Number of protein chains: 4
Amino acid sequence: MATEKKQQLLDTALSLFVEQGIQATATAKIAKQANVATGTLFHHFANKQELVMTLYHEIKSDLGQAIDQPEANDDLHALVHHYWQRALQWAVDNPQKLQFLQQIANNPQFGISQQQEVMSSSMAFLIDVIKQGQQQGELASLPLDLVLNYCHYHYLATATLFVEQPELARQQAYQDGAFQMFWQGLAAIREQA
Amino acid sequence: MATEKKQQLLDTALSLFVEQGIQATATAKIAKQANVATGTLFHHFANKQELVMTLYHEIKSDLGQAIDQPEANDDLHALVHHYWQRALQWAVDNPQKLQFLQQIANNPQFGISQQQEVMSSSMAFLIDVIKQGQQQGELASLPLDLVLNYCHYHYLATATLFVEQPELARQQAYQDGAFQMFWQGLAAIREQA
Amino acid sequence: MATEKKQQLLDTALSLFVEQGIQATATAKIAKQANVATGTLFHHFANKQELVMTLYHEIKSDLGQAIDQPEANDDLHALVHHYWQRALQWAVDNPQKLQFLQQIANNPQFGISQQQEVMSSSMAFLIDVIKQGQQQGELASLPLDLVLNYCHYHYLATATLFVEQPELARQQAYQDGAFQMFWQGLAAIREQA
Amino acid sequence: MATEKKQQLLDTALSLFVEQGIQATATAKIAKQANVATGTLFHHFANKQELVMTLYHEIKSDLGQAIDQPEANDDLHALVHHYWQRALQWAVDNPQKLQFLQQIANNPQFGISQQQEVMSSSMAFLIDVIKQGQQQGELASLPLDLVLNYCHYHYLATATLFVEQPELARQQAYQDGAFQMFWQGLAAIREQA
DNA sequence: CATGAATGAGACTTCATTCAT
DNA sequence: CATGAATGAAGTCTCATTCAT
């Protein structure tokens, strides 16, 4: 009950932020569209910044939960594919959340460096997968931060494309092609000829 | 064409935009830091939006020029590597410009969708390279827009990493690794075993 | 009469009012620091103004009681000295109350003119003393309101000094000096040489 | 010219502050009554606090100039009387300024301790007069701070009385009586009997 | 009596933009 | 071209007060 209006505010804020931009969205507008008084917003969030940050953490945690579910699979390729699919599905299901993350990560005012913050926590498990793959010789032995950066952006690239053009997300050729590029980029180089 | 003061304004604006965010930077602050009167800014730019857009086009064109220089080379791998290096070097040399592009591309208020706008022009030539590579069988035959999207983001990924941590840009392992992943992702799949 | 919570509110209010100013102190802050809910404050006081006024009257009455205790003494000088000491002691013992009185008396929003209101009641007896002294020829025969005004401010002057610098209040030279000036100011002029 | 609107703002602010209290006066109201846009106020003063402080310093300096004019006179009594008259005249001529000083001095939010700040500077010369009087044996040899405090408040007492009831200021009995009390309070005690 | 989420008027302040000089 | 004082709409945030529980 106490949470009802707070959640309404967060939901409305997400919509407006994505439509118009964070700074361009007035707190009064958020409150009005959430059917709540101006003061109520500031009853739940000390200031606009805190509202934005709360939203950010909520979404990050949401993404983390969507991805990081136990998956028993000893085939590395299949394992990575599972994670990849889940993460992509989350983006397709929550297009606004993805757009919000992109927006906030690129605005210096929020002090969130893209790769450091956005995914680090929700991708802790990814580190293990990569290390394991490198030891087994299936993945190229490159610096971990470089590889993580690659994963992060390649995910964003595909997710953004699929969110902006949802019809692509439904075509097998695009789904397969995207993962193929992702995996090939990570894979160890095979002896050429 | 650009007066001295006009260029001063553009330079100062870029710095401030990257430090504090575009919206968070007041025109008065730009003018003051450029040692120019408030009104002068509006002599050169009809409004703030125009200042931002002028900067945007200036930077886009700057990037285009840096990359798109004729390169005679019949080896596809070597050709792509050259372009890759040039583009990356530009980012390392102009960190603020890269950050500005990222910021503007992710802010809905400017109506610039990342992949559509930012690089399209400066990467027209890239399309030819990719098509050619696919015909020759060296690159995977995937949908063009998917591949361009991949190129675009992989470039941003690497450039951002190198800009945020310049010391990495100087290590061969990182330079080579980044391009290796990029190329492998694009490359045609070889028969396994 | 006053509930425990009501008194807690009054005490807390006094502290905060003196520290930050009356208007600058939010009712919510008073309630919180008094370990009471926001609404509770408005159960005990119809509005903030009433809280302020209750405090004001409580303090005025407190000061009145401290001063106006019967004192049998036919020596005028000694009698006045007794009153003076009591009033001063009250201020030293209740520095915040004195400061609150000063603050409220000088804020036009509360419509309390300093000399008219603040002390009038608690100094009713003073009028008799002065009149008597003037008749006996010991005190200068000056207009009563002028003299009362003098008494009032000279008291505030000394009390404020002693409250702001408590170490002075403990030195005999300051105590004696302050009363000496007070008394001399009131006293009838003696023939010069 | 540049100062015109600024001074209008200061004048209007003084009036409103004295009528309604500083905090109770909205910046918008000041601007409107000064026939100036809201933004103009903040063009001249960074914030409300700075407006208040500017006013405060202006008034303090004004009072200082009104009092501290050279006065050749070797009779101490006459000299002090001159200063006393000037200071009092200033208050009668500038009732709002006096009231503003009283208001600000008693509001903890402005951090101005009454006796320390308000007059100290404008009464530097007073210190010399007192010291001299004490050496000559005309004034009681009491601690300097105590005496200054006495002067300060006795002045405020009389000024406030005369400002609140201007008709008194015009009666010789009140003028003479006020100074008589002031002087007697300061004067050295004569041998009794 | 007590609670504290909710209210909304209104305060302070910012800022893109204009315009007389 | 350049200036910077002036503008006023709009934004963020505060706070006394209410009311359902």
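Chain naming here is simple, since letters A, B, ... match the order of the sequence lines and numbering starts at 1 in each. These figures come from a predicted structure and were not determined experimentally.
- Taking the side chain of C:Lys5 as heavy atoms from C-beta on, and the options E:dT3, F:dT17, F:dC13, the nearest nucleotide is E:dT3.
- Counting heavy atoms from C-beta on, the side chains of C:Leu51 and C:Ile30 come closer than 4.5 Å.
- Here the nucleotide nearest the side chain of D:Lys48, chosen from F:dT12, E:dC12, E:dG8, is E:dC12.
- For D:Phe42, the side-chain atoms get nearest to E:dC12 when compared with the rest of F:dT7, E:dC12, F:dT12.
- Between A:Leu9 and A:His44 there is a side-chain heavy-atom pair separated by less than 4.5 Å.
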Check: Given pairs defined as Watson-Crick or G-U wobble with both distances under 3.5 Å, what dot-bracket annotation applies to DNA chain F, with ( ) intrastrand, [ ] crossing, | other strand and . unpaired?
Finding: .||||||||||||||||||||
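- Where D:Ala46 and B:Gly39 meet DNA chain E, the nucleotide closest to each residue was compared, and D:Ala46 sits on the side nearer the 5' end.
- Atom P of nucleotide E:dT14 and atom CG of D:Asn47 are separated by 8 Å, given to the nearest angstrom.
- When the C1' atom of E:dA11 is taken as reference, atom CD of D:Gln109 falls 13 Å away, rounded to whole Å.
- Shown here for D:Val163 and D:Pro95, the closest heavy-atom pair between the two residues is CG1-CB, 3.6 Å.
- Under a cutoff of 6.0 Å and an axis angle of 45°, A:Lys6 and A:Phe45 form a cation-pi pair.
- Closest to the side chain of A:Thr38, out of E:dT13, F:dT3, E:dG8, is E:dG8.
- Checking side-chain atoms of A:Thr12 against main-chain N and O of A:Gln8 turns up a donor-acceptor pair under 3.5 Å.
- To the nearest angstrom, P of F:dC13 lies 11 Å from CD1 of A:Ile30.
- Going from atom CG of A:Leu51 over to atom P of F:dG11 covers 16 Å, rounded to whole Å.
- Geometrically, A:Lys48 does not engage A:Phe42 in a cation-pi contact, judged by NZ or CZ lying under 6.0 Å from the ring centre and within 45° of the ring axis.
- When each of D:Val36 and B:Val36 is assigned the nucleotide of DNA chain F bearing its nearest heavy atom, the one mapping closer to the 5' terminus is B:Val36.
- Judged by distance alone, with hydrogens and angles left aside, the side-chain atoms of D:Asn94 form no donor-acceptor pair with the main-chain N or O of D:Lys97 at under 3.5 Å.
- Legend: side chain to side chain donor-acceptor pair (under 3.5 Å) pairs involving residues 19-39 of chain D, not counting sequence neighbours, sorted by first then second residue: D:Gln23-D:Gln109.
- For the pair B:His44 and F:dA2, the criterion of a side-chain N or O lying under 4.0 Å from OP1 or OP2 is met.
- Between the side chains of B:Gln103 and B:Asn107, no donor-acceptor pair is found at a separation under 3.5 Å.
- The separation between A:Leu9 atom CG and E:dA5 atom C1' is 12 Å, rounded to whole Å.
- Contact check, C:His43 against E:dA2: no side-chain N or O comes under 4.0 Å of OP1 or OP2.
- Residue B:Leu41 contributes atom CG, which lies 9 Å from atom P of E:dT17 at whole-angstrom precision.
- Residues A:Leu156 and A:Leu98 meet the side-chain proximity criterion, which asks for heavy atoms closer than 4.5 Å.
- Between the CG atom of B:Asn35 and the P atom of F:dA2 there is a distance of 13 Å, given to the nearest Å.
- Of all the residues in residues 15-28 of chain A, not one reaches under 4.0 Å from DNA chain E with any non-hydrogen atom.
- For the pair A:Lys32 NZ and E:dA6 C1', the interatomic distance rounds to 18 Å; values are reported in whole Å.
- OP1 or OP2 of E:dT3 sits under 4.0 Å from a side-chain N or O of C:Thr40.
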